[in-house]
Amino acid sequence: MAESSSAQTRPTALITGASRGLGAAIATELAPTHDLLLGARTAASLTAVLAELPGAAGWPVDLTDYAAVERATALIERLEVLVHNAGIAELGTFAESSVEQWRNTLEANVIAVSELTRMLLPALRAAKGHVVLINSGAGLRANAGWGIYAASKFALRAFGDALRLEEPDLRVTSIHPGRIDTDMQRAIVAGEGRAYDPNEFLTPATVARAVRDAVHTPRDAHPTEIVLRPIAR
């Protein structure tokens, strides 16, 4: 699949963190209508999702290696959709936190997002594209023990708000889901010392459909924020 071609008949979507979980679910939702570039740290981690979506192309790059990101984005001349799904969750109290935790979280959840978007701005502008930021309920309200993560997600929301104003030809959507049934969620719940019940959480497919609906919203509307919460069962 060509990454840059003015003659392409389908729009292109780049999804970061696409190897599993929510990222893979978003890829599945967009596959019928978009040519896909699926991002992950390594090519090996994309094997399973590429087998499920044979029309997609892998885009393996460490998003915090900015020289590598610059090389990987150089051939993308036109991009209709950029979904920022990759990120990390560092939890714990402020009293127990470290400078390294803060740096790692802000690097992955904010700085890497900003840099990838900046490098792809010419391609996004060419397509009057759509940037989708997978944020969190923690980007709207911070809870005890989630301060580092919440700070990064508040910053991500601010980034989206500023980008929306600075690039009026682009659409920028911040999606704020509640907790999602993923491998990362299992690790978080284990850290909380309680049993895991998937019924407490949103499914990746539900959040992925919200992304699809935002992308497919007609151009006379700008879906700026979408908030999803699991229904208590």
Side-chain angles (χ1 to χ4, degrees), residues 13-27 29-30 39-40 63-64 81-92 101-118 120-121 124 129-167 170-185 187-188 200-217 221-231:
L14 169 57
I15 304 165
T16 68
S19 62
R20 59 182 180 167
L22 178 56
I26 294 169
E29 287 292 333
L30 294 184
L63 295 176
T64 62
V81 178
L82 172 59
V83 181
H84 287 288
N85 174 66
I88 64 173
E90 289 273 12
L91 305 184
Q101 285 179 307
W102 279 95
R103 284 178 174 157
N104 289 344
T105 302
L106 292 170
E107 185 85 35
N109 293 356
V110 185
I111 298 171
V113 170
S114 173
E115 272 298 278
L116 179 58
T117 305
R118 185 184 65 79
L120 286 171
L121 271 179
L124 289 163
H130 195 156
V131 178
V132 179
L133 303 169
I134 303 300
N135 201 297
S136 168
L140 299 172
R141 185 182 66 184
N143 291 318
W146 289 71
I148 301 171
Y149 180 70
S152 73
K153 291 300 187 177
F154 268 72
L156 183 63
R157 183 186 183 196
F159 165 76
D161 291 345
L163 181 65
R164 195 178 298 118
L165 295 172
E166 292 177 9
E167 298 290 334
L170 305 185
R171 294 200 293 183
V172 180
T173 302
S174 288
I175 296 186
H176 296 266
R179 296 170 72 165
I180 307 169
D181 177 22
T182 61
D183 289 343
M184 184 173 76
Q185 195 65 241
I188 290 171
E200 293 181 18
F201 311 117
L202 295 163
T203 68
T206 294
V207 181
R209 286 172 195 154
V211 174
R212 178 200 63 190
D213 291 345
V215 168
H216 289 167
T217 298
H222 191 154
T224 57
E225 287 192 336
I226 298 172
V227 180
L228 301 173
R229 292 289 178 270
I231 294 175

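Computed from a predicted model, the values in this text were never measured in an experiment.
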Partners passing salt bridge (charged side-chain N to carboxylate O under 4.0 Å, His left out) against [X] (at least two apart in sequence or in another chain):
X: R209; result: E29
X: D161; result: R164
X: E90; result: none

For [X], check side-chain hydrogen bond (donor to acceptor under 3.5 Å, both in side chains) against everything at least two apart and list the hits.
X: S152; answer: N109
X: N104; answer: none
X: H222; answer: none
X: T64; answer: D62

| task | Starting at CG of L156, measure out to CD1 of I111 and round the result to the nearest 0.5 Å. | result |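 Answer rounded to 0.5 Å: 12.0 Å.
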
| message | Nearest 0.5 angstrom please: E115 CD to T117 OG1, how far? | response |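 Between E115 CD and T117 OG1, I get 9.0 Å after rounding to 0.5 Å.
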
Which residues pass the side-chain contact (heavy atoms from CB on, under 4.5 Å) test with [X], not counting sequence neighbours?
X: E167; answer: L121, R125, L163, L170
X: S19; answer: A40, S45, L46
X: A86; answer: T16, L63

Counting only pairs under 3.5 Å, give me each side-chain donor-acceptor contact of residues 132-146, with atom names and distances, residues two or more places apart or in other chains.
from	atom 1	to	atom 2	distance (Å)
N135	ND2	K153	O	3.0
S136	OG	A138	N	2.9

| said: Enumerate the salt bridge (Lys or Arg N to Asp or Glu O under 4.0 Å) contacts for residues 15-26, please, sequence neighbours excluded, ordered by first and then second residue. | reply: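 Applying salt bridge (Lys or Arg N to Asp or Glu O under 4.0 Å) to every pair that reaches into residues 15-26, excluding sequence neighbours, yields R20-D183.
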
For residues [X] and [Y], determine if any side-chain heavy atom of one lies less than 4.5 Å from a side-chain heavy atom of the other.
X: I180; Y: F201; result: no
X: E225; Y: H176; result: yes
X: P223; Y: R171; result: yes
X: T203; Y: D181; result: no
X: L14; Y: L120; result: yes
X: L82; Y: L116; result: yes

For [X] and [Y], work out which heavy atoms get closest and say how close.
X: G23; Y: I15; value: O-CG2, 4.0 Å
X: G17; Y: N85; value: O-ND2, 2.9 Å
X: I226; Y: A210; value: CD1-O, 4.1 Å
X: A13; Y: L30; value: CB-CD1, 4.1 Å
X: G178; Y: L202; value: N-CD1, 3.5 Å

| query | Where the side chain of S114 meets the backbone of V110, is there a donor-acceptor pair that is under 3.5 Å apart? | reply |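 No; judged by distance alone, with no hydrogens or angles, the pair does not exist.
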
| query | Can H130 and T217 be said to form a side chain to side chain donor-acceptor pair (under 3.5 Å), step by step? | reply | CA-CA 11 Å; H130 195 156; T217 298; over 6 Å; no

